[in-house]
2 protein chains.
Amino acid sequence: MKTQQTAEGVARPAGRPRSEKADRSIIEATLELLGEGIGVSELSIESIAGRAGVGKTTIYRRWSNKEDLVVDALATLKPPIPLPQGGTVRDDLVTYLRVIQEESRHHRTRCIMNIAMSDSERHPRLAERFRELTMEPRRAVVAAVLRRGMETGELRADLDVDMALALLSGAMIWYTKWSHSGDPQADIPERIVDEALKGFRPRTSTPEP
Amino acid sequence: MKTQQTAEGVARPAGRPRSEKADRSIIEATLELLGEGIGVSELSIESIAGRAGVGKTTIYRRWSNKEDLVVDALATLKPPIPLPQGGTVRDDLVTYLRVIQEESRHHRTRCIMNIAMSDSERHPRLAERFRELTMEPRRAVVAAVLRRGMETGELRADLDVDMALALLSGAMIWYTKWSHSGDPQADIPERIVDEALKGFRPRTSTPEP
DNA sequence: AGATTATGAAACGAACCCGTTGCGTATCGG
DNA sequence: CCGATACGCAACGGGTTCGTTTCATAATCT
C-alpha cells in the first residue's frame with residue numbers, strides 16, 4: 001500500500017483522490033430531498049444521485065447503506081446557535097422561542113423535524129444523532145438561562161428545570177404543529193413565556209421587581 | 001336501474017351486494033399496518049389486500065385512491081373519551097394527562113400519532129380528519145375543565161385557555177417523544193400539572209384554599 | 001331460470017428502485 | 001509513461017408496486 005505524506009502530514013493513498021465536490025453535492029442533495037418532504041424510507045439512492053449529478057457508484061463507494069448517508073447528512077446541519085444571553089430571563093426565553101418559531105417557517109426545518117420525531121422508532125441512530133446535534137445544545141442553552149433566573153431570584157429557587165423546558169418547548173411545538181390554517185400568530189412566544197411564568201393559579205400579591 | 005326497498009326503506013341495487021365483512025377486514029388491515037409503523041406513503045394496496053385476505057379488485061372498487069381509504073380507516077378510530085370530571089381541576093388535569101401517557105405506551109397509538117404529526121404537510125386531509133376526530137374532542141374536554149376552574153377560582157380568571165392547553169399537552173407530548181431511554185417516569189403527569197399551576201416565578205403568599 | 005353485480009385469484013405491462021458490473025475517461029503518485 | 005483509483009454513465013437481473021383486465025365462482029333480485 002503506497003501512501004505519501006502531504007505538506008500537512010496526512011497520509012494519502014495512491015490513485016485519483018475522491019472528489020470533495022461530489023461529497024458535498026451528495027450531502028446537499030440528500031438534505032434537499034429530505035427538506036422537500038421525502039421521508040427516509042422513500043428516499044432512494046437513485047434520486048439522490050440524480051439530484052447531485054453523480055453516479056450511483058460514487059455514493060455506494062462512500063456509504064454502504066442509506067441510513068449511514070442520512071446520518072452524515074444530518075451531521076452537517078449546524079444549529080443556528082440561538083444564544084440570547086442578554087436581559088431578563090423572560091426576554092431571553094421569548095427570544096429563544098422566537099428563533100424556534102422563525103425556523104419552523106422554513107419548510108426544510110419542518111421536514112427535518114418530522115423525520116426526527118417520526119422515524120425515531122425505526123431509525124434510532126438518526127434520532128440519536130438529531131438529539132445530540134440539535135436538541136441537546138439548545139436544551140443546554142435554555143437550561144442555563146433558567147438556572148441564571150433561579151439564582152437572581154427572577155424564578156423560583158426550586159424550579160424543575162427539565163419540566164420548565166418541556167412546558168416551554170412543548171407549547172411552542174404544539175403551536176407550530178396545530179396552529180390552525182397557518183395564521184401568523186406572531187405573539188405566541190411572548191404569550192407562552194408569560195403564561196408559563198405566571199402559572200395557572202391566581203396570585204394575591206405580585207413579587208415582581 | 002332496478003332497485004328495491006328493504007324493510008328499512010333503503011334502496012338496494014340489483015346483483016350481489018357488497019360484502020360488509022370485506023369492508024371491515026380492509027379497514028382493519030389498514031389500521032393494523034399503520035399501527036405497525038408503516039407510513040402512509042409506504043403503505044401499499046397489495047399489502048392491505050394480502051393482510052385482509054381480499055383481492056385488490058375489491059379495494060379498488062370501494063376507494064379510488066389510498067388516501068381516501070386511510071381517511072375512512074382513521075374515521076373508525078373511536079377516541080377513548082377521557083372524561084375526568086370529578087374532583088379538583090388539578091386532579092382532573094392529572095387524570096387526563098395520565099390517559100394520554102397510557103395511550104402513548106401502545107405502539108399503535110404512537111404510530112397513528114406520528115402519521116398525524118408528520119404527514120400533515122403532504123396529506124392535509126388526513127391531518128384534518130385526525131384533528132376533528134381525536135384532537136378536538138379532547139381539547140374541548142380539557143377546555144371545559146379549565147373554564148370550570150376559572151369560575152370556581154381555582155385558576156386565574158384571566159387564564160388563556162388555549163395557551164394553558166398548549167403548555168399541558170405540549171409538555172406531555174414532549175416527554176413521550178423525548179423521554180430518554182424509555183424510562184417509566186410514572187409521575188410525569190403530576191409534575192407537569194403542578195409546575196404549570198405554580199408557574200415559574202416565585203410567589204410571596206400562597207392563595208390556595 | 002336468467003340477469004346482474006361482487007368476489008378472490010391471477011396475470012398483465014409499466015414504472016421504480018435495488019446493488020452490481022463494465023466501460024471509457026479523468027486525476028493522482030511514481 | 002504506468003499503475004492505481006475515482007469519475008459519470010449505462011446496463012444488468014431481480015424485486016415490488018401500480019392500476020387494469022380477465023376469469024370462474026358466488027350471491028341476490030325478478
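Each chain gets a letter, A, B and so on, in the order the sequences are listed, and its residues count up from 1.
- For the contact set between residues 61-75 of chain A and DNA chain D, defined by any heavy atom under 4.0 Å, the members are A:Arg61, A:Arg62.
- A salt bridge does not link B:Asp23 with B:Arg18: none of the charged nitrogens is closer than 4.0 Å to a carboxylate oxygen.
- Partners of B:Asp119 under the side chain to side chain contact (heavy atoms under 4.5 Å, CB included) rule, at least two apart in sequence or in another chain, are B:Val40, B:Ile115, B:Arg122, B:His123.
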Side-chain donor-acceptor pairs under 3.5 Å in residues 26-34 of chain A, sequence neighbours left out?
{"residue": "A:Glu28", "atom": "OE2", "partner": "A:Arg108", "partner atom": "NH1", "Å": "3.4"}
{"residue": "A:Thr30", "atom": "OG1", "partner": "A:Ile26", "partner atom": "O", "Å": "2.8"}
{"residue": "A:Glu32", "atom": "OE1", "partner": "A:Arg51", "partner atom": "NH1", "Å": "2.7"}

Inset, instruction - Report the C-alpha distance between B:Leu74 and B:Val71 in whole Å, list the side-chain angles of each, state the deciding distance to 0.1 Å, and finish with yes or no for side-chain contact (heavy atoms from CB on, under 4.5 Å). - result: CA-CA 5 Å; B:Leu74 287 186; B:Val71 166; 5.9 Å; no
Inset, instruction - Could you walk me through whether B:Ile100 and B:Arg138 pass the side-chain contact (heavy atoms from CB on, under 4.5 Å) test, one step at a time? - result: CA-CA 10 Å; B:Ile100 305 294; B:Arg138 301 176 180 212; 3.5 Å; yes
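- Distance, B:Arg16 CZ to D:dT30 P: 18 Å, rounded to whole Å.
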Inset, instruction - Determine, stepwise, if the pair B:Glu102 / B:His106 fulfils side-chain contact (heavy atoms from CB on, under 4.5 Å). - result: CA-CA 8 Å; B:Glu102 176 54 31; B:His106 304 334; 3.7 Å; yes
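- Taken residue by residue, residues 18-29 of chain B places heavy atoms nearer than 4.0 Å to DNA chain C at B:Arg18, B:Ser19.
- Shown for residues 38-48 of chain B: no residue has heavy atoms falling under 4.0 angstrom of DNA chain C.
- Proximity of a side-chain donor or acceptor of A:Gln101 to a complementary backbone N or O of A:Gln185 within less than 3.5 Å is detected.
- Between B:Glu128 and B:Arg125 there is no salt bridge, since no side-chain nitrogen of the basic residue lies less than 4.0 Å from a carboxylate oxygen of the acidic one.
- A salt bridge is absent between B:Arg148 and B:Glu151: the closest approach of a Lys/Arg side-chain nitrogen to an acidic carboxylate oxygen does not fall below 4.0 angstrom.
- Residues B:Arg156 and A:Glu195 are paired through a salt bridge, judged by an N-O separation under 4.0 Å between the basic side chain and the carboxylate.
- Distance B:Tyr60 OH to D:dG19 P: 4 Å, rounded to the nearest Å.
- Between B:Met163 and the choices B:Asp160, B:Leu165, B:Leu159, the side-chain contact (heavy atoms from CB on, under 4.5 Å) rule is met once, by B:Asp160.
- Note on A:Arg90 versus A:Glu190: no salt bridge recorded, every NZ/NE/NH1/NH2 to OD/OE distance being 4.0 Å or above.
- A salt bridge does not link B:Arg191 with A:Asp162: none of the charged nitrogens is closer than 4.0 Å to a carboxylate oxygen.
- Looking at residues 52-59 of chain A, you'll see A:Lys56, A:Thr57 sit with a heavy atom under 4.0 Å from some atom of DNA chain C.
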